[in-house]
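Notes follow once the structure below has been shown.
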Amino acid sequence: MKKNKKKETDKLTSSDLVKLGFPAGKPQGTALNVIHTYYTELGKRHQIELLQDVMAAPEQYQIHATLGPLAQVLLAQKAAESIALKPVKQKYAVYGEAGIEQGAIDQMETAMRLPVSRAGALMPDAHQGYGLPVGGVLATHNAVIPYGVGVDIGCRMSMSIYDIHARYLEKNREKLKKILTDNTRFGNASFKRPMDHEIMSRPEFSEIPVVRELKDRAFQQLGTSGGGNHFVEFGTVEIHDADNEFGLPAGKYLAVLSHSGSRRLGANIAGYYTKVAIDACPLPQEAKHLAWLDLNSEAGQEYWLAMNLAGDYASACHHQIHERLTAQLGEAPLAKIENHHNFAWKEKNASGKEVIVHRKGATPAGKGVIGIIPGTMATPGFIVRGKGEAAAINSASHGAGRVMSRTQAIKTFTQPQMRKYLQQAGVDVIGSGLDEAPMAYKDIHKVMDYQKDLVEVVGTFYPKIVRMNGDPKYIEVD
DNA sequence: ATGTCC
C-alpha cells in the first residue's frame, strides 16, 4: 500500500492512457484535459479508474456534467471504427405481428441491416432477446452470429411415443410422478453417477481449449435438464393423421416430452465466442450483440465445431433422459421425434446459394421436416410437419411465446390462481413457479393459426405430469 | 439460458 503512494501522486500522462488502451489523438487529449481540469484532487489510481469506467460504457456518461465531452469523443471514435449498418432495412416476413412486442421488431430490423444478412423472418412467438430476438430467423452469408444462435446452444425438443394406451396414465399418476422425480435432474442437481455417453470421447473436448475446460462439468451434467422453461413430462399424444412417417395408427398414446439444452457447456461456449465476435467485429451500439464470426476465420471455424458439439451434447442429454424413463416403463418407444430450436445450419436458399440459417427459438420446418412445438405446462403441444415456406426460411415458432416477462408473471399471478388453472387442466406439476404459469404465455392455438402456412399438425400432445426446476414442495396439485 | 456479476 505504502509503496504505491508515491505513484498515486504522479501526474497522469498520455503514456498512462496508452497503457489503458485509450485511443490516440482526440480521445487521449480530451481525457487529459478533463482529468487535469476537474479531477486533480482525485489521485492517479482513482483518475485511472474513472477513465476506465467511461471507456467501458461511454453511453452512460454522454450527458455527464464533466465527463460528457470525453464520452462523446469516445462514442464518435467507436462509431467511426465500427462496421456500418446498411441504411435501408431489407424486408422480412412477420407471422402473427399483432401479438409481437415492439422490442422484438426493432431488434429484427437492426439484424436485417447487417452487411452479412441475406434474409430474415419473425415467428409468431417472437419476443425481445439479446441481439437477435427469440423467435427470430436470420440467414447470413458466410458468417455465424453467436447471439443469433442463443445462449443455450442446441436447446431442443424430444418426444418418445409408447405402445401404451393413454388410459394407463390416469391409472398410474402417482407411479409416474415418482418415476419422473427419481429419474430426472434439474438446475444444479445432477446424477450421483452419470451414465457415460460416446459424446464425451469427441475430439473437440480435447482439441478446443475453451471446450476442454468444460469437459468435466459436461460429464457431470449428462442426462440432466436445465431451469427456466425446461421440462420433462408425461402426457398423451393423439395422432390425427394415420398416414404419418412413423407408421403409427391414429389414436391416443402415452408419450414423454422433454425440453432442454446444452447446460453449462453450451452457455459457456456461447459466452466465450460472443466476446471473441464482439472484439473481432465492432458494430454500432444497437447492433453490438449481433457481432459475427467469419466462417473462413479460425475463430469462426472453431465456434462452428464447438456449436455442433454443444448441439450433439444437448441431444445426448435428451437421449439419456428418455432412456431412463423408457427403462422404468419397460417398453421400447414406437417412435422418437426430436429437433433443435436454437442453432445455426448451412442451408441452400431459394436461388440455390448456401446461407447460414440462424434459428434462435424457431423450429426447422422445411418441406416434410418433422418437429415439435410445445405449448405450456397445461396447454397442448404439437407434432408438426414443415411446409417448406421460403418466406419463413423453412421455419416455425418454437412454442407459444410469452405475453409477459418472468418477473411480471410472478407479480401478476398468485399460487391459488395457478393451482386452480392446473387442476382444471388435469395437470400435475413437480417444481416450477409462477414465472412459468400458463397464463403468462400466448394462446398456443392462436399461434398455430398464425403459422398455418408454415406447418401442418400431425399430432397433439397433452401434458399431464410435468417436472420443471424448482422446489418440489412449491407447487404440487393433488 | 447460466453455479443468473468480474
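Just so we're on the same page: letters track the sequence lines, and every chain starts at 1.
Between the OH atom of Tyr313(A) and the P atom of dT2(B) there is a distance of 11 Å, rounded to whole Å. Between Arg402(A) atom CZ and dA1(B) atom C1' there is a gap of 13 Å when expressed in whole angstrom units. Rounded to whole Å, the distance from CG on Leu214(A) to P on dT2(B) is 14 Å. Counting to the nearest Å, the P atom of dT2(B) and the CZ atom of Arg185(A) are 16 Å from each other.
Residue contacts shown for Gln221(A) are limited to sugar-phosphate atoms, with no base heavy atom under 4.0 Å away. Gly226(A) comes within 4.0 angstrom of the backbone, heavy atoms only, and of no base. At a threshold of 4.0 angstrom between heavy atoms, the contacts of Arg217(A) include nucleobase atoms, whether or not backbone atoms are also involved. Looking at heavy-atom distances under 4.0 Å, Gly150(A) makes no contact with the nucleic acid at all.
A close approach under 4.0 Å does not occur between any side-chain nitrogen or oxygen of Arg263(A) and OP1 or OP2 of dA1(B). A close approach under 4.0 Å does not occur between any side-chain nitrogen or oxygen of Asn342(A) and OP1 or OP2 of dA1(B).
Taking the six-membered ring for Trp and the full ring otherwise, the centers of His259(A) and His341(A) sit less than 6.0 Å from each other. Ring centroid separation for the pair Tyr450(A) and Tyr95(A) does not come in under the 6.0 Å cut-off.
Between the side chains of Ser190(A) and Arg185(A), no donor-acceptor pair is found at a separation under 3.5 Å.
Mapped onto DNA chain B by nearest heavy atom, Lys275(A) and Gly187(A) fall at different nucleotides, with Gly187(A) at the one closer to the 5' end.
Looking only at side-chain heavy atoms (C-beta outward), Val466(A) and Asp428(A) stay at 4.5 Å or farther from each other.
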